[in-house]
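Numbers restart at 1 for each chain; the letters A, B, ... are given by sequence-line order, proteins then strands.
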2 protein chains.
Amino acid sequence: MDQSVLMSEKARNDADDTPEFGQLDGIVGFHIRLAHGAVYRHFTETFTGLDLTQKQVSVLWLVGENPGVAQIELGGRLRMDRATTMTIINRLQARGYLRRERSSSDGRKQALHLTPEGEAALEQAKNSIAEHEAWLKGRFTPQEVEKLVEMLERIHE
Amino acid sequence: MDQSVLMSEKARNDADDTPEFGQLDGIVGFHIRLAHGAVYRHFTETFTGLDLTQKQVSVLWLVGENPGVAQIELGGRLRMDRATTMTIINRLQARGYLRRERSSSDGRKQALHLTPEGEAALEQAKNSIAEHEAWLKGRFTPQEVEKLVEMLERIHE
DNA sequence: GCGAATTTGTTAGTAGAGCATACAATTATC
DNA sequence: GATAATTGTATGCTCTACTAACAAATTCGC
């Protein structure tokens with residue numbers, strides 16, 4: 001049924017078949033977006049049981065490693081503005097994974113802490129992350145992973 | 001009970017200073033997400049005049065290089081499902097940048113074409129993209145750019 | 001050839017993430 | 001002490017992505 005063997009590549013590409021990237025293929029930002037999409041997709045597939053997004057896990061992770069951290073500091077690290085940080089914190093608090101405390105040293109700040117449930121969820125999340133990272137790192141040698149991370153850091157400062 | 005007696009330097013670092021990435025720093029997916037965010041942010045800043053998103057520009061670009069392409073094929077290339085592709089196409093069509101035509105070879109498909117306005121917008125977008133890419137590539141040597149793109153392609157296949 | 005399955009487009013609804021704006025409370029600055 | 005800046009909060013909007021269901025066209029199985 002597939003008569004493509006009888007047609008030249010050019011003819012197939014011209015009209016009705018799958019499009020080529022063409023010049024778009026040389027755009028670095030384009031590849032970053034596609035790679036991010038692929039990672040995001042695999043992440044959500046890996047996290048079917050635990051219902052957490054990348055952002056939520058990052059927040060739990062950072063709160064776990066920095067108990068008492070303020071929202072503004074979290075947002076600064078994860079490059080989120082205050083409003084975005086709020087919605088994520090609200091969601092995690094509503095699910096009982098973390099709690100707010102007024103900072104004793106600065107009354108404007110909220111000190112964030114994990115609840116026991118939050119710690120358990122983070123622990124479980126780290127296992128899924130390990131699996132997810134293995135999938136991702138499997139394409140590269142250790143040297144390449146190091147180089148990739150270093151270059152990505154140059155982008156996000 | 002924790003009292004102020006225990007408020008040592010370490011305690012102060014835990015509570016009041018900027019958080020560290022800690023173990024999160026070794027997660028490749030985390031850096032991809034941050035890099036993507038940085039690129040996305042600079043993109044929107046570069047595109048203040050022309051009101052187009054990355055996705056919309058990618059679609060215009062691919063339609064421009066593949067006139068008559070179907071929505072399903074576009075979505076396949078950009079890793080979008082049919083519903084997501086629809087909303088983007090709808091938006092671009094509403095702004096008069098592209099038009100739908102029934103495919104003659106397959107009545108189920110819509111053949112997509114740029115309007116003259118769409119071609120003009122794409123031309124303008126490519127100029128902004130060039131500026132945006134210069135900002136991005138400025139951090140790397142040509143060899144590094146090549147390696148980065150090659151590694152990102154390994155992620156998104 | 002004909003009925004059934006598949007593909008493509010469409011619509012509607014849901015959700016996460018991001019951004020802008022405005023406001024209140026607290027702290028810092030002059 | 002008055003004013004400015006910081007932090008959290010609330011509201012509303014946009015874009016992207018996903019699911020589910022449906023219709024029309026095509027392809028497949030018999």
*Does any pair with a residue in residues 94-103 of chain A pass salt bridge (Lys or Arg N to Asp or Glu O under 4.0 Å), and if so which ones, sequence neighbours excluded?*
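Listed once each, the pairs are R99(A)-E101(A).
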Pairs: protein N or O with nucleotides 10-17 of chain D N or O, under 3.5 Å:
{"from": "dT16(D)", "atom 1": "OP1", "to": "T53(B)", "atom 2": "OG1", "distance (Å)": "2.4"}
{"from": "dT16(D)", "atom 1": "OP2", "to": "R91(B)", "atom 2": "NH1", "distance (Å)": "2.8"}
{"from": "dA17(D)", "atom 1": "OP1", "to": "K55(B)", "atom 2": "NZ", "distance (Å)": "2.9"}
{"from": "dA17(D)", "atom 1": "OP2", "to": "K55(B)", "atom 2": "NZ", "distance (Å)": "2.9"}

_Base contacts versus sugar-phosphate-only contacts with protein, heavy atoms under 4.0 Å: please encode nucleotides 24-30 of chain C as B, S and - from 5' to 3'._
--BS---
_Sidechain-backbone polar pair: E65(B) side chain, Q23(A) backbone, donor-acceptor under 3.5 Å_ =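 Looks like yes, one N/O pair under 3.5 Å.
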_Quick check against the 3.5 Å criterion: does H31(B) have a side-chain atom that pairs as donor or acceptor with the backbone of D25(B)?_
yes
What is the distance from [atom1] of [X] to [atom2] of [N], rounded to the nearest Å?
X       : N       : atom1 : atom2 : value
L92(A)  : dA17(C) : CG    : C1'   : 13 Å
Q110(A) : dT7(D)  : CD    : P     : 13 Å
I72(B)  : dT26(D) : CD1   : C1'   : 14 Å
I89(A)  : dG18(C) : CD1   : P     : 13 Å
E101(A) : dT7(D)  : CD    : C1'   : 17 Å
H42(A)  : dC18(D) : NE2   : C1'   : 18 Å

*Indicate the atoms forming the closest heavy-atom contact of F47(B) with L52(B), along with that distance.*
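Shortest heavy-atom separation between F47(B) and L52(B) comes out as CD2-O, 3.9 Å.
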*Among residues two or more places apart or on two chains, list those pairs meeting ring-ring contact (aromatic ring centres under 6.0 Å, His included) that have a residue in residues 110-132 of chain B.*
H42(B)-H132(B), F43(B)-H132(B), H132(B)-W135(B)
Does [X] have any side-chain contact (heavy atoms from CB on, under 4.5 Å) partners at least two apart in sequence or in another chain, and if so, which?
X       : result
T84(B)  : M80(B), D81(B), I88(B)
D106(B) : S103(B), R108(B), K109(B)
T141(A) : Q143(A), E144(A)
T53(A)  : K55(A), Q56(A)

Show me the donor-acceptor pairs, under 3.5 Å and distance only, between side chains in residues 117-124 of chain A and residues at least two apart or in other chains.
{"from": "E117(A)", "atom 1": "OE1", "to": "T115(A)", "atom 2": "OG1", "distance (Å)": "3.3"}

*Between the two ends of the helix from dG1(C)-dC30(D) to dC30(C)-dG1(D), what is the bend in degrees, rounded to 10 degrees, where each end axis spans five pairs?*
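End-to-end axis angle for the helix from dG1(C)-dC30(D) to dC30(C)-dG1(D): 30°, rounded to 10°.
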_L62(B) side chain reached by V69(B) side chain, heavy atoms, under 4.5 Å_ = no
So which protein N/O to nucleotides 2-4 of chain D N/O distances come out below 3.5 Å?
none

*salt_bridge(R154(B), E150(B)) N-O dist < 4.0 Å*: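 Yes, this pair counts.
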*What residues, two or more places apart in sequence or in another chain, satisfy salt bridge (charged side-chain N to carboxylate O under 4.0 Å, His left out) together with K137(B)?*
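Only E133(B) meet the salt bridge (charged side-chain N to carboxylate O under 4.0 Å, His left out) criterion with K137(B).
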